[in-house]
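FYI, the numbering just counts along the sequence from 1.
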Amino acid sequence: MIRILVPSGMLGAGFPPETVDRGLALGADVIAVDGGSTDSGPYYLGSGTAKTSAAAVARDLRLLLRAAAGAGIPLIVGSCGTSGTDSGVDWVSGIVETILREENLTLRVARIYSEQTAAVLKERLGEGRVHPLPPMGDLDAATLDECTHIVGMMGHEPIAAALAAGADVVLAGRATDTAVAAAYPLMKGMPPGPTWHASKIIECGGQCTTNPRAGGVLATIDDDGFVIEPLDPAAACTTTSVAAHMLYETVNPFEMREPAGTLVVTDAVYTALDDRRVRVEGSRFEVADQYTVKLEGARVTGYETMSFTAIRDPHILARIEEWVALMHEVLAGRVSQTLGLDPSGYAVDIRPYGYNAVLGSIDPASGPPREVGVMMLVNAPDQATATAIAKIANPLMLHLPTSDMDYLPSLAFATSPAETERGAAYEFTLNHVVDVDEPTALFRIEIEGAPR
């Protein structure tokens, strides 16, 4: 029997300290927490920076390192620094080193690096070992060279290897959310079906409970299944809240692919043990014929400048789509006249927030809105050009009338200056897997500190 404590859905998101204390009191054998995600877009992978603040990460880590050291159990962090780049692992490692020194804690820290080089991957591509995932097509070797960072998404094996080598704290690069929680119980011989299913349910901490804001959860895995329990006494796990998490970020709510194979929960049975705990049995794990590692990469698409204005004029708001189309048309003409640029050399995205900026043409709302905030994003090959185009748009964002208006409206810029340079913009370019012979082959493990 193995108990996994997950304090929150992401390192740096915060959690009540008393919930961790409760998890330790319930007999937690390991603390596992995810440190990253692709949810916030390609910038963090492309730039190799974190979306979380150092102060927030340090706050959480201080509590978790104290807890792990006091209980004599390992702490595992996956996808360090948001995207799991080597710089992200080193960034979290630096915070850990500072805390260990300040708290006078002696723990062995393992760093697992997951960044990949274009040169190595091009060799694998030439060997026919790189395959696209839908909807991507075959990978062009030039795409690998264009990526500023490429990471491989590890399964549980590199983490288990670090633990087996004596690590007390494992700071992993890019990893599947589930591998972070599954590594320790699988290393201890727990069955893969219940282990992977439990790890999927607890990956986001309290999200599988009736109060996702309350704190973390504890999963107890045994030979026949697992039990999920919230760490906040006021929260509860229900059969619905637990089963529903298989819908989260999965193509098929009954199956989920990991590097080593596929979790299948078609026959899983969810049973309420009481008003707070749920037991699950019947999960299984089907080992794949070929072990694969998913690749994530990002490249620079240009440089962005943003401008934001607000419209209250009822005449324009009744014709907001016409106004947006006119804005594109007039701006393209002025950019051509002023800078000599063809529209193919840059991109302008105009998003009317409060109208259909989120859903676009599928928005079911009808009738003119009360007010609209218009965000314009200009993307160009260099920052100076993007800003120049945004400046050309400045008077239009402030006074552009519709074609039937005989006066100039006054709109409202949100900032002064109206143009904000956003720097490099990125896009994800890889959605591929690479065949490997050994689960740890693409990853590098470094361990520091003396064993306890």
Side-chain angles (χ1 to χ4, degrees), residues 38-43 46 135 298-429:
T38 58
D39 290 355
S40 296
Y43 173 83
R299 66 183 172 193
V300 175
T301 62
Y303 295 81
E304 286 186 344
T305 298
M306 181 181 72
S307 186
F308 195 98
T309 194
I311 303 175
R312 285 276 302 186
D313 188 297
H315 188 88
I316 295 178
L317 292 177
R319 300 161 178 80
I320 187 63
E321 292 184 2
E322 175 188 332
W323 185 91
V324 170
L326 182 63
M327 178 71 182
H328 277 290
E329 178 184 346
V330 175
L331 178 58
R334 294 195 180 183
V335 169
S336 177
Q337 295 170 1
T338 308
L339 301 178
L341 292 178
D342 184 86
S344 62
Y346 63 93
V348 174
D349 186 9
I350 299 174
R351 305 176 188 177
Y353 280 94
Y355 178 62
N356 67 355
V358 176
L359 294 181
S361 61
I362 65 171
D363 196 318
S366 60
R370 185 170 59 88
E371 64 180 29
V372 164
V374 178
M375 182 176 74
M376 181 185 70
L377 283 174
V378 179
N379 184 298
D382 59 84
Q383 192 71 68
T385 300
T387 299
I389 294 171
K391 285 180 177 291
I392 292 172
N394 185 300
L396 304 176
M397 293 282 281
L398 187 61
H399 292 301
L400 179 68
T402 56
S403 57
D404 62 344
M405 294 175 70
D406 57 4
Y407 64 92
L408 289 179
S410 289
L411 312 181
F413 280 124
T415 60
S416 178
E419 298 79 32
T420 301
E421 294 185 343
R422 299 190 65 250
Y426 299 86
E427 68 176 359
F428 288 122
T429 59

- Do L377 and V348 pass the side-chain contact (heavy atoms from CB on, under 4.5 Å) test, and can you show the C-alpha distance, the side-chain angles, and the key distance before you say yes or no? CA-CA 6 Å; L377 283 174; V348 174; over 6 Å; no

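- Distance alone, capped at 3.5 Å, is enough to place a donor-acceptor pair between the W323 side chain and the L400 backbone.
- Using a distance-only test at 3.5 Å, with no hydrogens or angles considered, a donor-acceptor pair links the side chain of T338 to the main chain of R334.
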- Message: If you apply the rule side-chain contact (heavy atoms from CB on, under 4.5 Å), what do you find for V372 with Y353, and how did you get there?
- Response: CA-CA 6 Å; V372 164; Y353 280 94; 5.8 Å; no

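- Annotation: side chain of T429 is in contact with side chain of E427 (closest heavy-atom distance under 4.5 Å).
- A 4.5 Å side-chain heavy-atom check between D404 and H315 finds at least one atom pair inside the cut-off.
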- Give the intermediate values and the outcome of side-chain contact (heavy atoms from CB on, under 4.5 Å) for residues F413 and M397. CA-CA 8 Å; F413 280 124; M397 293 282 281; 3.6 Å; yes

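- For the side-chain contact (heavy atoms from CB on, under 4.5 Å) criterion with M376, the lone passing option out of H328, E419, M327 is M327.
- Summarising the geometry, atom CZ belonging to R351 is positioned 4.0 Å from atom CE belonging to M375; distances are rounded to the nearest 0.5 Å.
- Of the inter-residue distances, the one linking T301 atom OG1 with Y426 atom OH reads 9.5 Å to the nearest 0.5 angstrom.
- Side chains of E421 and Y303: a donor-acceptor N/O pair is absent below 3.5 angstrom, by distance only.
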- Task: Determine, step by step, whether N379 and D349 satisfy the side-chain contact (heavy atoms from CB on, under 4.5 Å) criterion, reporting the C-alpha distance in whole Å, the side-chain angles of both residues, the deciding distance to 0.1 Å, and the verdict.
- Result: CA-CA 8 Å; N379 184 298; D349 186 9; over 6 Å; no

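- Interatomic distance, S307 OG to L398 CG, rounded to the nearest 0.5 Å: 9.5 Å.
- Side-chain atoms of Q383 come within 3.5 Å of backbone atoms of G423 as a donor-acceptor pair (strictly under, hydrogens ignored).
- Atom CD of E322 is separated from atom OG of S403 by 4.5 Å, given to the nearest 0.5 angstrom.
- The shortest non-hydrogen separation linking P369 to G354 is CB-O, 3.6 Å.
- Taking CG of L341 as the start and CG of L339 as the end, the distance is 5.0 Å to the nearest 0.5 Å.
- Taking CG of D313 as the start and OG1 of T402 as the end, the distance is 8.0 Å to the nearest 0.5 Å.
- At distances below 3.5 Å, not a single donor-acceptor pair connects side-chain atoms of S416 with backbone N or O atoms of A418.
- T309 places no side-chain N or O within donor-acceptor distance of the main-chain N or O of L411, the cut-off being under 3.5 Å.
- The backbone N or O of L359 sits nowhere less than 3.5 Å from a side-chain atom of N356 that would complete a donor-acceptor pair.
- Without hydrogens or angle criteria, H399 side chain to P409 main chain gives a donor-acceptor distance under 3.5 Å.
- Here the side chains of T385 and T305 are not in contact, with every heavy-atom distance at 4.5 Å or above.
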